Undergrad: 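Shown below is the structure under consideration.
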Amino acid sequence: MSEQTQQFGSDNYSGICPEAWAAMAEANRGHERAYGEDSWTQRAADHFRRLFETDCEVFFAFNGTAANSLALAASCQSYHSVICAETAHVETDECGAPEFFSNGSKLLLARTVQGKLTPPAIREVALKRQDIHYPKPRVVTLTQATEVGTVYRPAEVRAISQVCRELGLSLHMDGARFANACAFLGCSPAELSWRAGVDVLCFGGTKNGMAVGEAILFFNKALAEDFDYRCKQAGQLASKMRYLSGPWVGMLENGAWLRHAGHANRCARLLAELVADVPGVELMFPVEANGVFLQLSETAIRRLTDWGWRFYTFIGAGGARFMCSWDTEEARVRELAADIRRAMA
Ligand SMILES: *Cc1c(COP(=O)(O)O)cnc(C)c1O
C-alpha cells in the first residue's frame, strides 16, 4: 500500500486544502513587511474578529503545543496550576511544554465524563487543597472537540465558566478541532467561545487543512499583555509571518474552515454507521466530531494493521481511533468499514 493512500491515523495525515494553498501562493507575491507587520496578518486578524463578532487580540504560532502552552503560561504564574482533563492533549501529548513555558505551573488532572470536564469535577480539584503548600489553581483548560471526539455544548461551557468565575479561574480552550465542534453543533464561533465565557481560544488550522499555524485568540485582552514577547522568546514569532497568517485568509473568507470540518465529521459518522452492526464492534463514544473510537478484538487490530491500515490505539481512552480529514474520500471510508467487518469475522 503506497504512502499516498488515504489513512485514518490522524487528521494531520492529510495535505493542504486548496483554499489555504491558493492563499499561500497569493501571499507569496512580491515583498511584504516581516514579523507580523504585513497586510496578510492584518487581514487574517480582521477576519477572526469578524467571524467571532468581537474585537479580540489575535496571534499565530507554528503548532498547537506552542499555542496551548504559551496561552496557558500567559494566564499563570509559576506557582499556579492548570486544571485539565486526565485525557487532555496538554497532559498526555505535549511533553511537559505547558509546565516548561509557564516555568513550572502544575497540571491538575480532573476526571471526565465522555472526555469532558464537568463543574463538579473542576470544583473537586480546585477546592481539594487551599493551603500554601499546594499550587494555586488559576486556569481551567477544555479541549473542543475533546480527545475522544465528543463536543461540549454551549450550555456546558457556560456552566464551567460560571464555576471558573466563582473560583477566580480563567478559562482556556484548546480548539485544535474547534471547527469540527462548530460544524457539529451548527452554532456560531462566538456562541461556543467568548459568549460562553472562554477567555482565550487556541483555534487549530493544521488538523483542518492547513500546513502550519494555529491562531491564539484572546477575548480577555488583559491576558494578552506582552504576549508578543512571550511568542518571540519561545521561538514562535515567524519572521515571514504571512505564510502562517495568509492561509487563514483563504480558510476564513469563504467559509472553507467550516465546510472542511463538516465534511470530516460526515465521514466519521458514515464510518460509525457502516460498522454499527458488526458483531463484537463497540462504539466507545458518541461520534460528534471527526473521530471514531472503536473497541475491536486484538485479532482484528492485528489483521487491519497487516492489511496496511494505520490508526492509533493509544490516544484518548484506548481502543482503535480512526480520524477523518477535510479530504477523506467516501469510497475509502467504505473500504475501511468493509475491512473492519472482515477482520472481526
Ligand atoms: C493535534 C492537537 C493539538 C496540537 O498539536 P501539535 O502537534 O502541537 O500541533 C492540540 N490539542 C489537541 C487536542 C490536538 O489533537
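As a basis for the values below, the full set of heavy atoms in this structure was taken, side chains included, without hydrogen atoms, waters or symmetry mates. Not measured: the values here are computed from a predicted model. Along the sequence shown, the residues carry numbers beginning at 1. Counting convention: from 1, in listed order, for ligands and their atoms alike.
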Undergrad: For atom 11 (N) of ligand 1, what's the nearest protein heavy atom and its distance?
TA: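 Answer, as residue, atom name and distance: Asp174 OD2, 2.6 Å.
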Undergrad: Report yes or no: does Thr206 have a heavy atom closer than 4.0 Å to ligand 1?
TA: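 False for this residue.
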Undergrad: Give the atom numbers and elements of ligand 1 that come within less than 4.0 Å of a heavy atom of Glu147.
TA: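 Numbered from 1, ligand 1 contributes 13 (C).
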Undergrad: Within a distance under 4.0 Å of any heavy atom of Arg177, pick out the atoms of ligand 1 and give their elements.
TA: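 Selected atoms, number and element: 15 (O).
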Undergrad: Distance-only, no hydrogens or angles: does the Tyr152 side chain make a donor-acceptor pair with backbone N or O of Leu117 under 3.5 Å?
TA: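 Yes; at least one donor-acceptor contact below 3.5 Å.
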Undergrad: Any nitrogen or oxygen of Glu94, main chain or side chain, under 3.5 Å from a nitrogen or oxygen of ligand 1?
TA: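 Such a contact does not occur with ligand 1.
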Undergrad: Considering only protein heavy atoms, which is closest to atom 7 (O) of ligand 1, and at what distance to one decimal place?
TA: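 Residue, atom and distance for the closest contact: Thr65 OG1, 4.4 Å.
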Undergrad: Examine the side chains of Glu147 and His89 and answer whether a donor and an acceptor come within less than 3.5 Å of each other.
TA: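 No, because no side-chain N or O of Glu147 sits under 3.5 Å from a partner of the opposite role on His89.
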Undergrad: Give me the nearest non-hydrogen protein atom to atom 4 (C) of ligand 1 as residue plus atom name, then the distance to 0.1 Å.
TA: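 The closest heavy atom on the protein side is Gly64 CA, 3.4 Å.
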Undergrad: For the ring pair (Phe, Tyr, Trp, His ring centres under 6.0 Å) test, which of Trp248, Phe60, Phe218 pairs with Phe203?
TA: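 Only one of Trp248, Phe60, Phe218 forms a ring pair (Phe, Tyr, Trp, His ring centres under 6.0 Å) with Phe203, namely Trp248.
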Undergrad: Below 4.0 angstrom from a heavy atom of Lys207, which ligand 1 atoms are there? Numbered from 1 as shown, please.
TA: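 Under 4.0 Å from Lys207, ligand 1 has these atoms: 1 (C), 2 (C), 3 (C), 14 (C), 15 (O).
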Undergrad: Under the criterion side chain to side chain contact (heavy atoms under 4.5 Å, CB included), which of Arg259, Met210, Met251 is the partner of Cys17?
TA: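 Between Cys17 and the candidates, side chain to side chain contact (heavy atoms under 4.5 Å, CB included) is satisfied uniquely by Met251.
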Undergrad: Between Asp93 and ligand 1, which part of the residue brings a heavy atom under 4.0 Å of the ligand: side chain, backbone, both or neither?
TA: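 Within the 4.0 Å criterion, Asp93 makes no contact with ligand 1.
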Undergrad: Give the numbers and elements of all ligand 1 atoms closer than 4.0 Å to a heavy atom of Thr143.
TA: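 Counting from 1, the qualifying ligand atoms are 13 (C).
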Undergrad: Fit a plane to each ring of Trp309 and Phe8, take the angle between them on a 0 to 90° scale, and name the class: parallel (under 30°), tilted (30 to 60°) or perpendicular (over 60°).
TA: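 Geometry flag for Phe8 against Trp309: tilted rings.
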Undergrad: Decide yes or no for Phe311 and Arg321: does some side-chain heavy atom of the first lie under 4.5 Å from some side-chain heavy atom of the second?
TA: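 The answer is no, as the side chains (C-beta and beyond) never meet within the 4.5 Å cut-off.
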Undergrad: Are Leu201 and Ile216 in one and the same hydrophobic cluster, where Ile, Leu, Val, Met, Phe, Trp and Tyr link if side-chain heavy atoms are under 4.5 Å apart?
TA: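 Different clusters.
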Undergrad: Write out the residue and atom name of the closest protein heavy atom to atom 5 (O) of ligand 1, then the distance separating them to 0.1 Å.
TA: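 Looking at atom 5 (O) of ligand 1, the protein heavy atom closest to it is His89 CE1, 3.4 Å.
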Undergrad: Hey, quick one: are Trp326 and Phe322 part of the same hydrophobic cluster, counting side-chain heavy atoms closer than 4.5 Å, chains of contacts allowed?
TA: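 Shared cluster, no.
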